[in-house]
Amino acid sequence: MVGAPPGRDVRIRSIQTFSASSDTVLPANFADDDRTLMALELDGVTLSMDHGYPVRLIAPDRPGVMQTKWVSRIEVL
């Protein structure tokens with residue numbers, strides 16, 4: 001949706017800097033999957049801090065710890 005070429009990995013950075021999941025690379029097969037999204041809401045309600053406000057990565061078939069919360073930056077690699 002941002003015009004990046006398909007087949008590229010994406011780095012997701014979190015404002016959380018004290019965690020192993022604060023910087024993760026989303027492999028191209030996940031980045032290209034139409035089910036992968038950057039969530040702003042949960043059931044029509046703005047995400048709470050516990051759920052990753054302001055934005056959280058949701059990618060199918062990835063462990064919860066890899067669903068980066070508190071996203072601050074997205075980089076196409």
Side-chain angles (χ1 to χ4, degrees):
M1 292 179 71
V2 298
R8 304 284 296 270
D9 293 345
V10 176
R11 180 179 324 253
I12 310 293
R13 295 184 188 266
S14 173
I15 61 173
Q16 179 186 31
T17 58
F18 56 87
S19 168
S21 62
S22 64
D23 184 359
T24 187
V25 174
L26 186 66
N29 61 311
F30 289 102
D32 291 343
D33 191 318
D34 290 337
R35 298 172 298 162
T36 297
L37 56 94
M38 300 307 292
L40 302 171
E41 299 178 338
L42 176 63
D43 290 330
V45 178
T46 301
L47 291 176
S48 68
M49 287 299 289
D50 287 342
H51 282 116
Y53 176 86
V55 62
R56 177 184 186 156
L57 169 69
I58 301 294
D61 303 321
R62 282 179 51 107
V65 71
M66 300 182 92
Q67 308 288 6
T68 304
K69 295 180 177 180
W70 311 292
V71 172
S72 65
R73 186 178 178 129
I74 302 169
E75 302 171 51
V76 178
L77 303 176

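Side chains are part of it too, since the values below use all heavy atoms of this structure and drop only hydrogens, waters and symmetry mates.
Taking Arg8 as the reference, nothing meets the salt bridge (Lys or Arg N to Asp or Glu O under 4.0 Å) condition, with sequence neighbours excluded. Shown here are the side-chain contact (heavy atoms from CB on, under 4.5 Å) partners of Pro27, two or more places apart in sequence or in another chain: Asp9, Asn29, Phe30, Arg62. In this view, Asp33 and Arg35 satisfy the side-chain hydrogen bond (donor to acceptor under 3.5 Å, both in side chains) rule, not counting sequence neighbours.
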Taking only distance into account, with no hydrogens and no angle test, what donor-acceptor pairs under 3.5 Å do side-chain atoms of residues 38-46 form with protein atoms, sequence neighbours excluded?
none

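Across Asp32 and Gly7, no two heavy atoms sit closer than the pair OD2-N, 2.9 Å. For the residue pair Ile74 and Val71, the shortest heavy atom distance occurs at CG1-CG1, 4.0 Å. Counting all heavy atoms, side chain and backbone alike, Ser72 lies closest to Ser14 at OG-C, 3.7 Å.
Screening Ile15, Leu47, Val55 for a side chain to side chain contact (heavy atoms under 4.5 Å, CB included) with Trp70, the sole residue that qualifies is Ile15. Of the residues listed (Asp61, Leu26, Val10), the one engaging Thr36 in a side chain to side chain contact (heavy atoms under 4.5 Å, CB included) is Leu26, and it is the only one.
Clustering of Ile, Leu, Val, Met, Phe, Trp and Tyr side chains at separations under 4.5 Å places Leu37 together with Ile58. Leu77 belongs to a hydrophobic cluster whose other members, connected by ILVMFWY side-chain contacts under 4.5 Å either directly or through intermediates, are Val25.
Rounded to the nearest 0.5 Å, atoms CZ (Arg73) and CG (Asp23) are 10.5 Å apart. For the atom pair CD1 (Ile12) and OG (Ser22), the distance works out to 12.5 Å, reported to the nearest 0.5 Å.
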Pair Gln16-Lys69, side-chain contact (heavy atoms from CB on, under 4.5 Å): steps then yes or no | CA-CA 8 Å; Gln16 179 186 31; Lys69 295 180 177 180; 5.6 Å; no
